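What you are looking at is a predicted structure, and each value in this text was computed from that prediction instead of being measured. What's counted below: heavy atoms across the whole structure, side chains too, no hydrogens, waters or symmetry copies.
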Amino acid sequence: MLELLLCSLLTIFPDYLYRRYRQGKRLGHEITLYSVWFQLRFGIIACLMLTVALITMIFYYHPSTSSATLYYRTVPIVPETNGRVAEVHVDFSAPVKKGDVIFRLDNSKQEASLLTAKRKIVEVDAAMLSAQADTLKAEGQLQEAKGAVQQAADELDTKRELQRRNPGIVPQRDIEKLEVAVAGRQGSLDAATASKESVKTRLSALLPAEKASAEAAMAEAQVDLDKTYIRAGVDGRIEQFLLRPGDIVNPVMRSAGILIPEEAGRRALTAGFGQIEAQVLKVGMVAEATCISKPWTIIPMIITSVQDYIAAGQFRGGEQLLEAQNTVRPGTVLVIMEPIYKGGLEGVTPGSSCIANAYTSNHERIASGKVGAFKSFALHVVDATGIVHAMLLRIQALLLPIKTLVLSGH
């Protein structure tokens, strides 16, 4: 209607002035309700043609959409293990900080496992002390065996020397007994040496490995115990949390609740524009939006991202062939818009529905001097028509509360 009124000022109104003052025809006499078509037919036709052209230009170069929403991503509260709820630390709706405990599962089994792992470490430490004592014992046995071997060897050497100097003075049987004794005591020395090495190996390798395994088991038990404490991963707010002590939670079946991050839905506006406007939408375009949750307010914005793909064309590979007619509704071009000024979205409830306009600007092309005079004039006209769309958005923002509260049967 606004475009029609504007075009009538440029067509029907000058045509009427020409008929009235140039041709002398009077309103209500020669120009009546029945003769208006014949008298003003040129102005009416020009008005309709100009209106259609103006509407096409406005909606193409300055696209608008009512499919704009402050989408936000929620974080599901999902435990890593099954269990029965023992404690709940938050209410139905409550703010939380990162690391706060939301609820706790029954952890008697995990605590017992952790206690067992700790006692295993104490047991290994005691075994290491015992092994150190065994090392001292093995050292003493080794020294004793060395002394016995040395004594037997010295006695054998003495007997042999006497036998050499005075053959027959020492019975051969005694020498053989001493040789056997030396060999036996050497065996005892080798056994004592092996026993010492075994104790050293147990103290330096086996027991430390057992302690490392016990510490790993304790760490694993601690992790399992920590999993029973479900904590907030980010700062935010928990809403509609109905979990109560005694409930059984299963991460496979459903989440225990929803955590909304602190800045969710307060950074950018997501809008879907028509496919025909895909060639016009560019990153850096100035935009405006008005939202239902913050009426009578125009929010200056800028386009920061334009998705190159349309979600309606997405498909998953399966057992059936694609049928193009199954896509009933054409998809939209997804656009991300952020407020130009800091805090522009303050007061707008995340998830709120909005109306958004984007405006084409050819100022840089015109200022570059690389376009001709006629094209420069045409680009000026394109930019100027954005004022009409801006007026329409402000009228929509003005009437939106009335339409929502009164005309919709609220």
Side-chain angles (χ1 to χ4, degrees), residues 1-4 7 48-73 265 267-292 298-318 320-340 345 348 350-365 375 378-379 381-397 400 403:
M1 180 61 68
L2 184 62
E3 294 88 348
L4 183 62
C7 293
L48 294 177
M49 294 176 63
L50 186 59
T51 300
V52 172
L54 181 60
I55 292 175
T56 302
M57 180 184 299
I58 290 174
F59 279 92
Y60 181 75
Y61 289 104
H62 310 286
S64 176
T65 180
S66 59
S67 301
T69 304
L70 283 169
Y71 288 102
Y72 58 93
R73 178 73 163 82
R267 186 183 66 86
L269 182 69
T270 303
F273 290 90
Q275 297 183 24
I276 195 171
E277 296 151 347
Q279 301 301 319
V280 178
L281 295 167
K282 304 294 181 183
V283 174
M285 287 181 65
V286 176
E288 291 180 328
T290 181
C291 299
I292 297 178
I298 301 297
I299 305 172
M301 311 197 79
I302 188 170
I303 295 178
T304 58
S305 176
V306 179
Q307 185 171 281
D308 292 334
Y309 300 92
I310 296 176
Q314 181 184 10
F315 73 96
R316 293 181 178 179
Q320 295 182 349
L321 297 177
L322 294 177
E323 174 54 58
Q325 290 184 350
N326 291 337
T327 307
V328 180
R329 297 179 58 187
T332 58
V333 179
L334 192 69
V335 171
I336 305 297
M337 297 185 291
E338 296 184 9
I340 295 178
L345 292 176
V348 181
S352 176
S353 297
C354 304
I355 302 173
N357 283 358
Y359 303 105
T360 298
S361 176
N362 297 293
H363 174 73
E364 294 182 358
R365 294 183 60 188
K375 190 172 183 178
L379 294 177
V381 172
V382 170
D383 291 352
T385 54
I387 299 176
V388 179
H389 223 174
M391 293 173 60
L392 290 174
L393 181 63
R394 281 151 178 80
I395 293 174
Q396 287 176 304
L400 190 59
K403 178 181 178 181

With R394, which residues qualify under salt bridge (charged side-chain N to carboxylate O under 4.0 Å, His left out), at least two apart?
-> E288
So, taking the atom named [atom1] in [X] and the one named [atom2] in [Y], what distance separates them when rounded to the nearest 0.5 Å?
{"X": "L334", "Y": "Y309", "atom1": "CG", "atom2": "OH", "result": "14.0 Å"}
{"X": "I395", "Y": "L400", "atom1": "CD1", "atom2": "CG", "result": "13.0 Å"}
{"X": "T56", "Y": "I276", "atom1": "OG1", "atom2": "CD1", "result": "9.0 Å"}
{"X": "S352", "Y": "L70", "atom1": "OG", "atom2": "CG", "result": "6.5 Å"}
{"X": "L345", "Y": "C291", "atom1": "CG", "atom2": "SG", "result": "7.0 Å"}
{"X": "M337", "Y": "S305", "atom1": "CE", "atom2": "OG", "result": "11.5 Å"}

Taking every non-hydrogen atom, the tightest pair across [X] and [Y]:
{"X": "G386", "Y": "H62", "answer": "N-NE2, 3.3 Å"}
{"X": "T332", "Y": "I310", "answer": "O-CG2, 3.7 Å"}
{"X": "F273", "Y": "A358", "answer": "CZ-CB, 4.3 Å"}
{"X": "T69", "Y": "G351", "answer": "CG2-O, 3.6 Å"}

Would you please indicate yes or no on a ring centroid separation below 6.0 angstrom for H389 and Y61?
-> no
Only one of T360, V382, V280 passes side chain to side chain contact (heavy atoms under 4.5 Å, CB included) with Y60; say which it is.
-> V280
Donor-acceptor check, side chain of [X] to backbone of [Y], threshold 3.5 angstrom: yes or no?
{"X": "T65", "Y": "G272", "result": "yes"}
{"X": "T304", "Y": "I336", "result": "yes"}
{"X": "N357", "Y": "A287", "result": "no"}

Side chains of [X] and [Y], heavy atoms from C-beta outward: is any pair under 4.5 Å?
{"X": "M57", "Y": "V381", "value": "yes"}
{"X": "I299", "Y": "T290", "value": "no"}
{"X": "M301", "Y": "L269", "value": "yes"}
{"X": "K375", "Y": "R365", "value": "yes"}
{"X": "L281", "Y": "P63", "value": "yes"}
{"X": "V333", "Y": "D308", "value": "no"}

Summary of side chain to side chain donor-acceptor pair (under 3.5 Å) pairs that have at least one residue in residues 269-282, sequence neighbours excluded = none
Give a yes or no on whether I298 atom CD1 has more than 12 heavy-atom contacts from other residues, nucleotides or ligands under 6.0 Å away.
-> yes
